[in-house]
Amino acid sequence: MSLDTTVIAVPYENGQIFQHFGHAAAFKLYEVGEGKIIRAEVVSTVESGHGALVAFLTRHNVETLICGGIGSGAQNALLLSGIKLHGGVSGSADEAVDRFIRGTLGYTPIPKCGHDHGSSHKCGTHGCGSHDCR
């Protein structure tokens, strides 16, 4: 990676943005510079869980994450690591990165859980283990 490039990561599965950050088995990493994608590769991860995945992204010099669902614990870990979050995005990973580069990516600045736990549950106080957080 050169000084004039940035690394963008997207949780990845079959060309699409995988919708649950904490369960992502792979990320597509994009090196971007001069307004275009210079290089892209899919990197498998054996890590699981929010903290381990944020550490994985940090090791790969990721500066921006584009993702679908993500819980508050992972959001906090990203914030502490300095990785910028663009959540609530779905569809083609390549198209999302292209829209990001052009400045037209629609995203949710603070993604929320998008599932119903009943009245006794408060989103953001759990590890999002078996459902789709947005």
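Predicted model only: the values in this text are computed from it and were never measured.
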Who else is in Phe18's hydrophobic cluster (ILVMFWY, side-chain heavy atoms under 4.5 Å, direct or via others)?
-> none
Report the residues that fulfil side chain to side chain contact (heavy atoms under 4.5 Å, CB included) with Ala74, sequence neighbours left out, ordered by chain and then residue number.
-> Phe21, His50, Ile70
Side chain to side chain contact (heavy atoms under 4.5 Å, CB included) against Val43, all qualifying residues, sequence neighbours excluded | Leu29, Glu41, Phe56, His60
Check [X] against [Y] and note the closest heavy-atom contact, atom names and distance.
| X | Y | answer |
| --- | --- | --- |
| Leu53 | Ala24 | CD2-O, 4.1 Å |
| Thr45 | Ala26 | CG2-N, 4.0 Å |
| Gly33 | Thr5 | CA-CG2, 4.2 Å |
| Ala40 | Lys28 | CB-CE, 3.8 Å |

Please determine whether residues [X] and [Y] belong to a single hydrophobic cluster, defined as Ile, Leu, Val, Met, Phe, Trp and Tyr linked transitively by side-chain heavy-atom distances below 4.5 Å.
| X | Y | result |
| --- | --- | --- |
| Leu79 | Leu57 | no |
| Val89 | Leu78 | no |
| Val62 | Val54 | yes |
| Phe27 | Val10 | no |
| Tyr107 | Ile8 | yes |

To the nearest 0.5 Å, tell me how far [X] [atom1] sits from [Y] [atom2].
| X | Y | atom1 | atom2 | result |
| --- | --- | --- | --- | --- |
| Asn14 | Ser92 | CG | OG | 12.0 Å |
| Asp94 | Ile17 | CG | CD1 | 9.5 Å |
| Glu63 | Ile83 | CD | CD1 | 9.0 Å |

Residues 64-89 vs salt bridge (Lys or Arg N to Asp or Glu O under 4.0 Å), sequence neighbours excluded, gives none
List, one per line, each side-chain donor-acceptor pair under 3.5 Å for residues 97-106, sequence neighbours excluded.
{"unit_1": "Asp98", "atom_1": "OD2", "unit_2": "Arg102", "atom_2": "NH1", "d": "2.3"}
{"unit_1": "Thr104", "atom_1": "OG1", "unit_2": "Arg99", "atom_2": "O", "d": "3.4"}

Can you list the residues that meet the side-chain hydrogen bond (donor to acceptor under 3.5 Å, both in side chains) rule with Glu34, with sequence neighbours excluded?
-> none
